[in-house]
2 protein chains.
Amino acid sequence: MSGLAREDYLADIYRLQCERPKDPVSTGSVADRRGVTAASATAMFKRLARDHLIVYRNYGGVTLTPEGEDLALGVVRRHRLVERFLADVLHIPWQQVDAYADQMEHALPDEVVDRMEALLENPYTCPHGYPIPDKHGHLAQPHLVLLRDLPLGETVRVARVNERVPGLLPYIEELGLMPGSLLRLTGRNPIDLNVTIEAGGQEHILGLRVSEALWVEPTEAKG
Amino acid sequence: MSGLAREDYLADIYRLQCERPKDPVSTGSVADRRGVTAASATAMFKRLARDHLIVYRNYGGVTLTPEGEDLALGVVRRHRLVERFLADVLHIPWQQVDAYADQMEHALPDEVVDRMEALLENPYTCPHGYPIPDKHGHLAQPHLVLLRDLPLGETVRVARVNERVPGLLPYIEELGLMPGSLLRLTGRNPIDLNVTIEAGGQEHILGLRVSEALWVEPTEAKG
DNA sequence: CAAGCGTTTTAGACGCGGCTAAAACTCTTT
DNA sequence: AAAGAGTTTTAGCCGCGTCTAAAACGCTTG
Ligand SMILES: [Mn+2]
Ligand SMILES: [Mn+2]
Ligand SMILES: [Mn+2]
Ligand SMILES: [Mn+2]
């Protein structure tokens, strides 16, 4: 079968690739994400390249091959679907489901994943707003805007919260800014890049760390 | 964390211990069950003994320590609960849930297991009739009789089917003898040890391989 | 353009969990 | 009591996935 570590590497490479699709993913970024040394990442890259799952150029980072991307998408699919399942069916708080899904994503047979998907009625996203690939690896890419880059005034809907920012989810919940909630950007400080928003009748000041981790979508047709 | 192989060894030692609680579990029986060589089992025994999970006497087999038994019961609990979940919630056929649970049992966080248990309303047994340990490792041991040893005439309820006998489950389903069904032992051939039963208005002849794998319980108070 | 610094790779080590082949043991059988 | 058969252990090997320490690389900067 797959090998736990392999799958985590592939999925992390995929996620890093998404963040900056231009250039190859560096050894260091993968090592950081995975919490291993750069030497360990290099060793894994050699095994993955040997198995044609990534293209690895010495000192030049890695890129997923089509087969590698297929596997990565499978892991991401299992991860996000099981998150949805944990949150919606077992009522586990959304702050915890990422960690649990990280454990479970490697041990779910296809049939189990497919039945979960049916039970959940084919959800589009995980509880944090990331899209769920379908069983062929296709995934919808909606047009979202980082809160950091949102123009003032418009009322928008929170669509996605970066689940990997330490401590962010409980904070977002405290502020009532979970995916689905509405907010309006009321100000932006050009010096410290703080933004001011209005949501649920309250004003909040958010730092760059937060406004860089929140994606929103327009509530009306954009014209 | 736990280590996949370790957990499977511990659970298999536990299950073999249950079958013959008298004497220690032999290297060969564990190797057979696990599908590895005896040499591999010996090597694992040394690691488990080093970690005080089993008592290992050279050429004398192994026994679980209290800590080892705790861990084993945890694995068995996760296995049987997830079987119930797969069968009852995801409607996966009972012939397949054992294999799937074998994969999943190592990756289920405690909170997930506990929530599944609550969702299922604290089931007593897995879909094949084996008892589910509670979260403290306690498990009910009902008084069951092997069909092989059942006296003639009495009408009884099927309580447990050995899920590890190759090909047995589909056969049992074909005959309509799933746990919960009623049957009556109508004859026993002392030469070949075949038994004749009546169930659902039909007569069936069952070989020893089957009658040794079916447990039944009385339907009335025994007196 | 050479130095220096941060990144990456190599070298060498370790524990896990598997294997094969050979040696050691135990138990039965003559 | 010795032999033989079957079981178990040892010895030696391998790949995975991690580590540390040292060497190699490449990019920026004086
Ligand atoms: Mn993972
Ligand atoms: Mn998520
Ligand atoms: Mn297992
Ligand atoms: Mn079962």
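Letters A, B, ... are given to chains in the order of the sequence lines, protein chains preceding strands, and every chain is numbered from 1. From a predicted model like this one, the values you see are computed outputs, not experimental measurements.
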Applying salt bridge (charged side-chain N to carboxylate O under 4.0 Å, His left out) to A:Lys46 and not counting sequence neighbours gives none
Whether each nucleotide of nucleotides 5-19 of chain D has a protein heavy atom under 4.0 Å at its base (B), only at its sugar-phosphate (S) or at neither (-) is summarised, 5' to 3', as ---BBB-----SBBB
For A:Phe45, the ring pair (Phe, Tyr, Trp, His ring centres under 6.0 Å) test, sequence neighbours excluded, returns A:Tyr56
Taken in chain and number order and not counting sequence neighbours, the residues that satisfy side chain to side chain donor-acceptor pair (under 3.5 Å) with A:Arg34 are A:Asp12
Across all chains, not counting sequence neighbours, the side-chain contact (heavy atoms from CB on, under 4.5 Å) partners of A:Ala213 are A:Asn162, A:Val165, A:Leu168
Residue pairs passing the ring pair (Phe, Tyr, Trp, His ring centres under 6.0 Å) test with at least one member in residues 83-106 of chain B, sequence neighbours excluded, are A:Phe85-B:Phe85, B:Trp94-B:His128
